[in-house]
*Asks:* 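Structure incoming, see below.
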Amino acid sequence: MAYRSGFVALIGPPNVGKSTLLNTLLGRKLSIVSLRPQTTRNRILGVKHFSGGQMVFLDTPGILQPKGVLHQALLKNAWKTLSDVTIILLLVEPFPGEPSLDPELKKRLEKSRVPVFLIINKIDLIEKKNLLPLMEKWAALFPFQEIIPLSALTGEGVEELNETLIRYLPEGPPYFPEDMITDLSERFLAAELIREKVFHLTGQEVPYGVAVTVETFKERTDKPLIEIRAVIHTEKESQKAILIGKEGKKLKEIGTQARKDLEVLLGAQVYLELWVRVEKNWTRDPRRIKQFGIEDPF
Ligand code: GDP
Ligand code: MG
């Protein structure tokens with residue numbers, strides 16, 4: 001079986017239960033604290049590993065927030081993210097009153113052509129007989145791929161959501177290491193993602209002996225743009241040549257693919273500059289290993 005992976009965006013109004021659902025889905029109490037709590041960009045909320053794949057959960061602030069809070073450019077960015085993810089989870093509550101969908105959101109969801117699951121959370125608080133009529137009303141509002149009622153708090157229905165998510169994931173790479181669950185610094189994640197692209201695109205040609213460090217991670221304040229400058233460290237000139245490729249094509253491909261994923265993860269435009277540096281025998285130098293292995297203080 002091929003490895004499967006994807007990005008899952010969690011959207012919904014405040015207090016609908018997004019954080020609770022994530023904790024239940026990831027199977028342990030996480031401190032979902034972004035390093036920048038006030039960020040208006042996407043946040044990587046967590047990575048869920050299962051046998052044969054992984055899903056990366058993203059927060060897209062700004063969507064379904066009170067109007068006028070955000071700069072237009074940032075909101076535009078959030079909408080763009082919705083077109084780039086693999087699956088969108090729209091969380092709602094089963095009360096009060098009639099279901100309704102924000103017209104702007106509806107338009108964007110339609111345009112995105114990404115599968116949208118409607119998650120009706122907090123079903124522990126309603127009578128079961130009300131559920132089916134409610135689901136029918138929601139189904140009439142939008143062609144949701146799936147409508148899943150659950151209780152993030154009690155866990156009822158969460159396993160079904162988990163299995164459904166897995167069914168929808170396409171073949172893809174492991175974006176992050178197995179042991180990574182919570183959100184580390186974005187700098188570290190960026191380095192991991194670039195390293196993953198190196199492995200993915202050079203296959204067996206450049207095995208171990210490759211490390212990536214992010215030298216610059218600079219966020220513009222006037223618009224959602226992040227400048228990232230990263231170095232790919234190798235042990236040998238021959239590896240460097242493979243990494244760069246004919247007329248620089250390989251490195252360019254690595255950069256393009258990494259940039260695309262980074263833009264989804266970070267919810268901002270990314271300007272990515274990659275350099276390849278040869279450092280003989282760094283894999284045998286404990287000091288360097290430590291340096292490459294340990295996340296950069298943010
Ligand atoms: P968020 O703002 O969307 O992240 O919402 P939270 O996850 O912080 O949840 C808001 C409140 O709703 C908290 O008090 C949760 O305990 C509660 N909550 C979340 N999911 C459920 C559920 O399935 N059932 C019930 N009864 N309460 C829930
Ligand atoms: Mg929350």
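Basis for what follows: all heavy atoms, side chains included, without hydrogens, waters or symmetry-related copies. Both ligands and their constituent atoms are indexed starting at 1 by order of listing.
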*Asks:* If I compare all heavy atoms of Arg4 with all of Phe50, which pair ends up nearest, and what's the gap?
*Replies:*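 Closest approach of Arg4 to Phe50: O-CZ, 4.1 Å.
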*Asks:* Under the side-chain contact (heavy atoms from CB on, under 4.5 Å) criterion, do Glu192 and Tyr175 qualify, and how do the steps go?
*Replies:* CA-CA 8 Å; Glu192 280 297 319; Tyr175 293 103; over 6 Å; no
*Asks:* Out of curiosity, Leu150 CG to Leu91 CG, how far, rounded to the nearest 0.5 Å?
*Replies:*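 Nearest 0.5 Å value for the CG-CG distance: 7.0 Å.
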*Asks:* With a cut-off of 4.0 Å, which atoms of ligand 1 are near a heavy atom of Ser151?
*Replies:*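 Those qualifying, in numeric order: 22 (C), 23 (O), 24 (N).
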*Asks:* Testing the basics here: between Ser151 and Asp124, what is the closest heavy-atom pair and its distance to 0.1 Å?
*Replies:*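 Scanning both residues, the minimum pair turns out to be OG-OD1, 2.9 Å.
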*Asks:* Please work out whether any backbone atom (N, CA, C, O) or any side-chain heavy atom from C-beta onward of Asn15 is under 4.0 Å from ligand 1, and answer side chain, backbone, both or neither.
*Replies:*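 For Asn15, backbone and side-chain atoms both sit under 4.0 Å from ligand 1.
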*Asks:* If the cut-off is 4.0 Å to any non-hydrogen atom of Thr20, which atoms of ligand 1 fall inside it?
*Replies:*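 Ligand 1 atoms under the 4.0 Å threshold to Thr20: 6 (P), 7 (O), 9 (O), 15 (C), 19 (C), 20 (N).
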*Asks:* Consider every N or O of Gly17 and every N or O of ligand 1, then say whether any pair is closer than 3.5 Å.
*Replies:*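 Yes, Gly17 has an N/O under 3.5 Å of an N/O on ligand 1.
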*Asks:* Should Ile123 be counted as touching ligand 1, given the test is an N or O pair under 3.5 Å?
*Replies:*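 No; the residue has no nitrogen or oxygen that sits under 3.5 Å from a nitrogen or oxygen of the ligand.
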*Asks:* Using a 4.0 Å heavy-atom cut-off, which part of Asp124 comes near ligand 1: side chain, backbone, both, or neither?
*Replies:*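 For Asp124, only side-chain atoms sit under 4.0 Å from ligand 1.
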*Asks:* Considering only heavy atoms, does Leu125 approach ligand 1 within less than 4.0 Å through its side chain, its backbone, both, or neither?
*Replies:*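 It is the side chain that touches ligand 1; the backbone stays farther off.
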*Asks:* Could you check whether Glu273 and Trp275, counting side-chain N and O atoms only, form a donor-acceptor pair closer than 3.5 Å?
*Replies:*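 Yes, because at least one side-chain N or O of Trp275 sits under 3.5 Å from a partner of the opposite role on Glu273.
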